[in-house]
Amino acid sequence: MPPRPSPPAQLFPHRLPRPLLLPVTALKHLREQVFLAGDEGWTGEERTDIGGDASVSPTPTYIGCRGWPRHRVRCIAGDADTTDPSSGTSTSLRDWSSPSSENTSDGETEADVETRGLAFFAEMATQAASPSKEGRYSYEEYKETADWLLANTEHRPMVAIVCGSGLGNLADLLKEQVAFKYEDIPNFPKSTVPGHAGRLVFGNLNGKPCVCMQGRFHMYEGYPLWKVTFPIRVFHLIGVQTVIVTNAAGGLNEDYRVGHIMVIKDHINFPGFAGQNPLMGPNEDRFGPRFPPMSDAYDRDLRKLALSASRDLGFAAELHEGVYCGLGGPSFETIAECRFLNRLGADAVGMSTVHEVVVARHCGLRVLGISLITNQAVMDYNSEARANHEEVLKAGRESEKMMEKLLTTLLPRIETNNNVN
Ligand SMILES: O=P(O)(O)O[C@@H]1C[C@H](O)[C@@H](CO)O1
Ligand SMILES: Nc1nc2[nH]cnc2c(=O)[nH]1
């Protein structure tokens with residue numbers, strides 16, 4: 001029998017900081033019986049017979065238990081990973097794996113089983129207490145991703161471009177491409193929205209080293225804001241200095257038409273009004289201050305550059321500078337909401353960007369925001385128009401060339417010093 005790790009005493013907290021949650025699906029490969037019970041009883045679905053190929057729910061279901069881990073853990077075994085889709089963290093059960101037998105008749109004593117089970121819970125408790133379980137990534141996790149990227153490409157981008165809905169092809173502009181699927185990058189969330197391919201593409205755009213997010217993360221996908229904004233801090237750690245956030249947005253301003261471009265002058269962070277700010281929680285001083293100002297969120301010089309590049313390209317008639325209002329989505333706005341936002345001073349409305357910008361400014365990145373107006377917000381009760389994602393993607397495709405020209409012209413004009421080692 002392989003030696004089993006014994007649980008260091010200090011790993012046992014007096015009480016677990018929060019309920020332990022294990023996805024049932026993650027346990028489906030377990031070969032032996034697991035009995036779990038907590039002081040305060042079960043939370044979530046009650047299951048006491050998870051094991052073998054027992055019928056476990058194919059959809060993620062959580063079991064959990066609260067309180068001091070005096071659980072009856074008969075055996076925890078197998079070769080499965082527990083992956084919490086909401087946090088993206090992963091706990092390997094392999095370390096605690098038992099021999100392949102179906103029961104404890106291989107010589108493993110009750111005490112061995114108890115020890116192994118407790119060690120497992122101690123590990124889970126430690127994980128539960130770690131920063132990434134407190135609703136945020138730890139600094140080390142951002143760093144791990146940044147170091148992984150720097151080790152896997154020789155590109156050292158100065159500019160990061162976040163591609164909005166239907167604008168993912170902007171990444172194709174990059175020369176000498178090195179691309180990574182999000183699922184292959186440590187700690188990276190996954191894209192779930194059509195029109196967001198889920199690739200990080202490194203390369204040079206008109207001579208400027210860039211990295212493109214071909215697909216971003218949105219609040220409405222169910223991601224917490226610290227996850228939505230994860231890539232921004234990673235960009236900062238790999239030496240990026242300027243972030244260009246692009247998005248598809250509904251035009252609220254009556255002068256705006258589909259295919260128009262709005263250089264973002266300012267934003268209204270609507271979820272922020274309701275306490276949904278990506279900087280909520282303990283401040284990570286290594287990224288920035290507790291109370292960052294946002295009155296200079298969109299860099300004045302970059303805005304001027306974007307406006308002059310657009311004019312040079314002959315886009316003056318399709319060009320605006322305005323206020324973007326970020327909402328949670330995924331439902332599009334009612335007529336009353338559009339009228340309300342318009343009166344508030346918003347020129348365009350979308351479901352992204354503001355969180356990325358808050359985090360980018362917190363860590364000192366310069367920001368340029370560009371909205372493509374993909375639909376006109378419905379403001380009239382007699383209108384038959386209905387906003388929909390297909391029309392958003394179509395408008396993106398139709399204006400692709402214009403956006404490409406703008407970025408290609410703009411990029412070489414951006415002054416940057418890449419001071420990463
Ligand atoms: O990622 P962006 O903000 O460009 O995408 C917008 C908002 C929703 O994700 C989608 C609605 O069609 O487009
Ligand atoms: N919230 C919102 N997001 C969009 N993204 C593209 N168009 C729209 C819109 O009309 N409203």
Side-chain angles (χ1 to χ4, degrees), residues 160-171 182 189-199 212-223 225 227-232 243-254 256-262 264 267-271 276 278 320 322-342 344 346-358 360 367-380 383 385-400 403 407:
I161 302 170
V162 182
C163 300
S165 284
L167 298 171
N169 288 347
L170 292 175
Y182 291 166
K190 291 165 193 48
S191 272
T192 70
V193 188
H196 291 260
R199 289 191 333 146
C212 252
M213 267 182 85
Q214 212 174 27
R216 61 147 60 87
F217 311 110
H218 306 82
M219 207 174 157
Y220 63 75
E221 292 173 76
Y223 288 123
L225 293 181
K227 199 169 255 195
V228 165
T229 55
F230 174 75
I232 303 294
V243 182
I244 302 179
V245 278
T246 68
N247 60 56
L252 296 164
N253 187 312
E254 61 180 22
Y256 291 12
R257 298 284 175 271
V258 172
H260 282 191
I261 286 176
M262 182 182 86
I264 305 179
H267 75 216
I268 298 173
N269 174 6
F270 231 92
Q276 289 283 341
H320 307 277
V323 175
Y324 173 92
C325 179
L327 303 183
S331 50
F332 289 103
E333 297 66 44
T334 64
I335 293 170
E337 285 164 352
C338 289
R339 291 178 171 193
F340 166 73
L341 295 177
N342 190 218
L344 270 188
D347 297 296
V349 58
M351 305 177 194
S352 66
T353 303
V354 294
H355 319 299
E356 294 155 2
V357 172
V358 167
V367 173
L368 173 66
I370 302 175
S371 296
L372 175 70
I373 306 302
T374 52
N375 55 294
Q376 280 181 285
V378 184
M379 311 277 257
D380 176 0
S383 168
R386 306 273 183 278
N388 62 80
H389 191 55
E390 291 65 40
E391 111 185 290
V392 168
L393 296 181
K394 181 166 168 280
R397 281 192 298 274
E398 285 171 0
S399 298
E400 206 167 79
M403 291 293 282
L407 286 179

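Counting convention: from 1, in listed order, for ligands and their atoms alike.
- When ring centroids are compared, Tyr223 and His218 stay outside the 6.0 Å threshold.
- At the top of the distance list for atom 9 (C) of ligand 2, counting protein heavy atoms only, stands Phe332 CD2, 3.5 Å.
- Using 4.0 Å as the threshold, Ala248 has a heavy atom nearer than that to some atom of ligand 2.
- Under the 30°/60° scheme for interplanar angles, the aromatic rings of Tyr182 and Phe217 are found to be tilted.
- No hydrogens or angles considered: a donor-acceptor pair under 3.5 Å links the side chains of Thr192 and Glu221.
- In terms of polar-atom proximity, Thr246 is not counted as a contact of ligand 1, lacking any N or O under 3.5 Å from an N or O of the ligand.
- In terms of protein heavy atoms, atom 7 (N) of ligand 2 is closest to Asn375 OD1, 2.6 Å.
- In this structure the side chain of Met351 reaches within 4.5 angstrom of the side chain of Phe332, judged on heavy atoms.
- Nearest to atom 3 (N) of ligand 2 among the protein's heavy atoms is Gly350 CA, 3.3 Å.
- Taking every heavy atom of Val392 and a limit of under 4.0 angstrom, the matching atoms of ligand 2 come to 6 (C), 7 (N).
- At a 3.5 angstrom cut-off on N or O pairs, Val193 does not count as close to ligand 1.
- Partner of Val349 under the side-chain contact (heavy atoms from CB on, under 4.5 Å) criterion, chosen from Leu327, Asn342, Asn375: Leu327.
- At the top of the distance list for atom 11 (C) of ligand 1, counting protein heavy atoms only, stands His389 ND1, 3.5 Å.
- Scanning the protein heavy atoms around atom 3 (O) of ligand 1, the nearest turns out to be Ser352 OG, 2.5 Å.
- Salt bridge annotation for Lys394-Glu398: present, with a cationic side-chain nitrogen under 4.0 angstrom from a carboxylate oxygen.
- The two residues Met219 and Leu225 have their closest heavy-atom pair at CG-CD2, 3.8 Å.
- The minimum heavy-atom distance linking His389 with Ser165 is given by the pair CE1-OG, 3.7 Å.
- Between His218 and ligand 1, an N or O atom pair is found at a separation short of 3.5 Å.
- Side-chain contact between Ile335 and Asp380: absent, with no pair of heavy atoms (C-beta onward) separated by less than 4.5 Å.
- Residue Asn247 touches ligand 1 through backbone and side chain together, judged by heavy-atom distances below 4.0 Å.
- Near Val392, meaning under 4.0 Å from one of its heavy atoms, ligand 1 places the atoms 12 (O), 13 (O).
- With 3.5 Å as the limit, one finds a donor-acceptor pair spanning the side chains of Ser371 and Asn247.
- Closest of all the heavy-atom pairs between Ser352 and Arg216 is OG-NH1, 3.2 Å.
- Not a single heavy atom of Leu327 sits under 4.0 Å from any atom of ligand 2.
- Annotation: Arg216 places an N or O atom under 3.5 Å from an N or O atom of ligand 1; distance criterion only.
- Heavy atoms of Val349 found under 4.0 angstrom from ligand 2 belong to the backbone as well as the side chain.
- Ranking protein heavy atoms by distance to atom 9 (O) of ligand 1, first place goes to Tyr220 OH, 2.6 Å.
- Which parts of ligand 1 touch Gly164 is read off a 4.0 Å heavy-atom cut-off, strictly below it: atoms 4 (O).
- Using a distance-only test at 3.5 Å, with no hydrogens or angles considered, no donor-acceptor pair links the side chain of Arg199 to the main chain of Gln214.
- Looking at atom 7 (C) of ligand 1, its nearest protein heavy atom turns out to be Met351 CB, 3.7 Å.
- Under the side-chain contact (heavy atoms from CB on, under 4.5 Å) rule, Ile244 has a single partner from Leu170, Leu407, Val367, Val162, which is Leu407.
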task: Please report the C-alpha distance between Met262 and Tyr324 in whole Å, then the side-chain angles of each, then the deciding distance to 0.1 Å, and finally whether the side-chain contact (heavy atoms from CB on, under 4.5 Å) criterion is met.
output: CA-CA 9 Å; Met262 182 182 86; Tyr324 173 92; 3.9 Å; yes
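- Residue Ser165 has at least one nitrogen or oxygen atom sitting less than 3.5 Å from a nitrogen or oxygen atom of ligand 1, judged on distance alone.
- Below 3.5 Å of separation, one finds an N or O of Glu333 facing an N or O of ligand 2.
- Distances below 4.0 Å separate heavy atoms of Gly250 from the following atoms of ligand 2: 6 (C), 7 (N), 8 (C), 9 (C), 10 (O).
- Within ligand 2, counting atoms from 1 as listed, the ones closer than 4.0 Å to a heavy atom of Thr374 are 6 (C), 7 (N).
- By the 4.0 Å heavy-atom criterion, Ala249 is counted among the residues contacting ligand 2.
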